[in-house]
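Everything on this sheet refers to the single structure shown next.
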Amino acid sequence: MSAHDQNHPINNDNSEEATTHFGFQTVEKNEKESKVASVFHSVAQQYDVMNDLMSFGIHRLWKRFTIDASGVRPGNKVLDLAGGTGDLTAKFSQLVGREGKVILADINSSMLNVGRDKLRDRGLVQNIEYVQANAQYLPFEDNTFDVITIAFGLRNVTDKDMALRSMYRVLKPGGRLLVLEFSKPEHELVNKAYDFYSFNILPKMGELVAKDGDSYQYLAESIRMHPDQETLKNMMDDAGFEQTSYKNLTGGVVALHKGYKF
């Protein structure tokens with residue numbers, strides 16, 4: 001928990017429900033953050049290995065597509081939110097060059113440490129900063145970033161609308177947000193196969209490789225509870241983004257949403 005998290009209002013007295021979902025369970029809103037935290041503390045060390053196994057390596061192509069769509073140029077300031085083990089940050093660091101800056105932000109200290117060690121081992125130190133931050137309360141000035149990406153992180157955020165507004169606030173006018181996230185497969189057959197894989201094979205893989213079936217059960221459930229393509233697009237519109245669009249990848253198993261701040 002970073003310092004700026006201590007000043008949050010703990011509960012709202014307005015009529016909003018005080019519960020949310022953690023996978024398929026209903027939990028108190030103020031419980032979700034710590035439950036998600038324990039999942040990622042648990043999986044951090046094996047996260048890269050599991051990503052390759054779970055997606056058969058395709059996550060690398062999804063991320064490459066995101067980088068190509070980002071339009072990042074030398075001198076840009078980029079926020080890689082929920083940046084975890086730093087896959088996007090590594091590439092952005094090369095693209096923005098000496099004049100630019102990349103901030104790898106993650107709410108989870110274990111993930112942040114794994115990412116920092118990995119990038120330092122690769123000699124990427126010049127233009128990268130690490131910040132422990134909650135997406136709902138980003139600790140940055142208004143109009144700071146040219147590009148914000150959040151890859152496979154939004155579905156773990158308790159209040160997604162609040163997080164999108166926070167991202168909008170810290171984006172520069174003319175800046176763009178890219179949200180890469182699991183979504184709803186376009187075809188029923190793919191959907192059925194994907195369900196079978198997620199609920200029967202994924203937790204077993206987690207058990208074998210990461211010695212943690214429960215966390216991977218949660219990750220599979222969290223994907224199902226995440227808003228579908230159109231719903232997320234509408235949420236981005238509501239947060240103030242313009243020219244919002246999305247592109248389905250791998251038949252809609254994953255979607256890349258894009259929006260601009262003008």
### Query
Can T144 and K172 be said to form a side chain to side chain contact (heavy atoms under 4.5 Å, CB included), step by step?
CA-CA 6 Å; T144 298; K172 286 179 186 172; 5.8 Å; no
### side chain to side chain contact (heavy atoms under 4.5 Å, CB included) evaluation trace for Y194 with I223
CA-CA 11 Å; Y194 183 47; I223 289 167; 3.5 Å; yes
### Query
Can M236 and L164 be said to form a side chain to side chain contact (heavy atoms under 4.5 Å, CB included), step by step?
CA-CA 7 Å; M236 288 171 68; L164 287 167; 4.1 Å; yes
### Message
Run L104 and L81 through side chain to side chain contact (heavy atoms under 4.5 Å, CB included) and show every step you take.
### Response
CA-CA 6 Å; L104 194 168; L81 192 51; over 6 Å; no
### Query
side chain to side chain donor-acceptor pair (under 3.5 Å) between N134 and E33: does it pass, once the steps are laid out?
CA-CA 10 Å; N134 181 332; E33 206 171 288; 3.1 Å; yes
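With rounding to the nearest 0.5 angstrom, the CZ atom of F140 is 9.0 Å from the OG atom of S166. Taking CD of Q132 as the reference point, atom CG of L112 lies at 6.5 Å (rounded to 0.5 Å). Interatomic distance, D142 CG to Y168 OH, rounded to the nearest 0.5 Å: 11.0 Å. Taking CD from E230 and CG from N234, the interatomic distance works out to 6.0 Å, rounded to the nearest 0.5 Å. One distance of note links CD1 of I67 with CH2 of W62; it measures 14.5 Å at 0.5 Å rounding. In this structure, NE2 on H257 lies 11.5 Å from CG on L178, to the nearest 0.5 angstrom.
Under the 4.5 Å side-chain heavy-atom criterion for Ile, Leu, Val, Met, Phe, Trp and Tyr, M162 and M225 are members of distinct hydrophobic clusters. Residue V114 is not grouped with residue F152 when hydrophobic side chains (ILVMFWY) are merged at heavy-atom distances under 4.5 angstrom, including chains of intermediate members.
Nearest heavy atoms, V131 versus P139: CG1-CG, 4.1 Å. Heavy-atom minimum distance, F24 versus E221: N-OE1, 2.8 Å. G259 and T244 make their closest contact through CA-CG2, 4.0 Å (heavy atoms, listed as atom of the first residue, atom of the second, distance). Closest approach of A69 to L256, counting heavy atoms only: CB-CD2, 3.8 Å. Taking each heavy atom of G71 and R176 in turn, the nearest pair found is N-NH1, 4.0 Å. Of all heavy-atom pairs between S70 and V147, the closest is O-CG2, 3.7 Å.
The neighbour count for E188 CD, taken as heavy atoms of other residues, nucleotides or ligands under 6.0 Å away, is above 12. Surrounding NZ of K77 are more than 12 heavy atoms belonging to other residues, nucleotides or ligands, all under 6.0 Å away. The local environment of CD in Q45 is sparse, with at most 12 non-hydrogen atoms from other residues, nucleotides or ligands closer than 6.0 Å.
The pair K118-D87 meets the salt-bridge criterion, since a charged nitrogen lies less than 4.0 angstrom from a carboxylate oxygen. Under a 4.0 Å N-O distance rule, the pair D52/R60 qualifies as a salt bridge.
Within the 4.5 Å cutoff, the side chain of I148 has no heavy atoms near those of the V78 side chain. Here the side chains of S215 and F40 are not in contact, with every heavy-atom distance at 4.5 Å or above. At a threshold of 4.5 Å between non-hydrogen side-chain atoms, the residues I103 and F145 count as touching. Annotation: side chain of K160 is not in contact with side chain of L232 (no heavy-atom distance under 4.5 Å). Side-chain contact between M235 and D161 is present, with heavy atoms from C-beta onward closer than 4.5 Å. Residues L177 and V179 form a side-chain contact, since some pair of their non-hydrogen atoms from C-beta on lies under 4.5 Å apart. Between F241 and L171, the closest side-chain pair of non-hydrogen atoms falls below 4.5 Å. Counting heavy atoms from C-beta outward, P74 and E99 have side chains that stay 4.5 Å or more apart.
By the side chain to side chain donor-acceptor pair (under 3.5 Å) test, S55 pairs with no residue at all, sequence neighbours left out. Applying the side chain to side chain donor-acceptor pair (under 3.5 Å) test to R224 and every residue at least two apart in sequence or in another chain returns D195, S198. In this structure, the side chain to side chain donor-acceptor pair (under 3.5 Å) partners of K261, at least two apart in sequence or on a different chain, are N143.
Clustering of Ile, Leu, Val, Met, Phe, Trp and Tyr side chains at separations under 4.5 Å places Y260 together with F262.
With hydrogens and angles ignored, the 3.5 Å screen pairs a side-chain donor or acceptor of R169 with a backbone N or O of L138. Side-chain N or O atoms of E207 include one that pairs as donor or acceptor with a backbone N or O of G213 at under 3.5 Å. In this structure a side-chain-to-backbone donor-acceptor pair under 3.5 Å is present from S38 to K35. Judged by distance alone, the side chain of Q136 and the main-chain N or O of A163 form no donor-acceptor pair under 3.5 Å. A distance-only check finds no donor-acceptor pair linking the side chain of R120 to the backbone of G115 [under 3.5 Å]. Listed for the D212 side chain is no donor-acceptor partner under 3.5 Å among the backbone atoms of G206. Side chain of N76 to main chain of V72: no donor-acceptor pair is present (N/O by atom type, distance under 3.5 Å, no hydrogens or angles).
Residues Y218 and N156 have side chains that bring a donor and an acceptor to within less than 3.5 angstrom of each other. No hydrogens or angles considered: a donor-acceptor pair under 3.5 Å links the side chains of D228 and T231. Between the side chains of S245 and K258, not a single donor N or O lies within less than 3.5 Å of an accepting N or O.
The cationic group of K32 does not satisfy the cation-pi geometry with F22, failing either the under 6.0 Å distance to the six-membered ring centre or the 45° limit from the ring axis.
Evaluation of the side-chain hydrogen bond (donor to acceptor under 3.5 Å, both in side chains) test over residues 88-97, restricted to residues two or more places apart or in two chains, returns D80-T89, S93-N127.
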Residues 180-187, side-chain donor-acceptor partners within the protein, below 3.5 Å, at least two apart:
| from | atom 1 | to | atom 2 | distance (Å) |
| --- | --- | --- | --- | --- |
| E181 | OE1 | R155 | NH1 | 2.8 |
| E181 | OE2 | G153 | N | 3.3 |
| E181 | OE2 | L154 | N | 3.3 |
| E181 | OE2 | R155 | N | 3.2 |
| S183 | OG | Q229 | OE1 | 3.0 |
| S183 | OG | Q229 | NE2 | 3.4 |
| E186 | OE2 | N248 | ND2 | 3.4 |

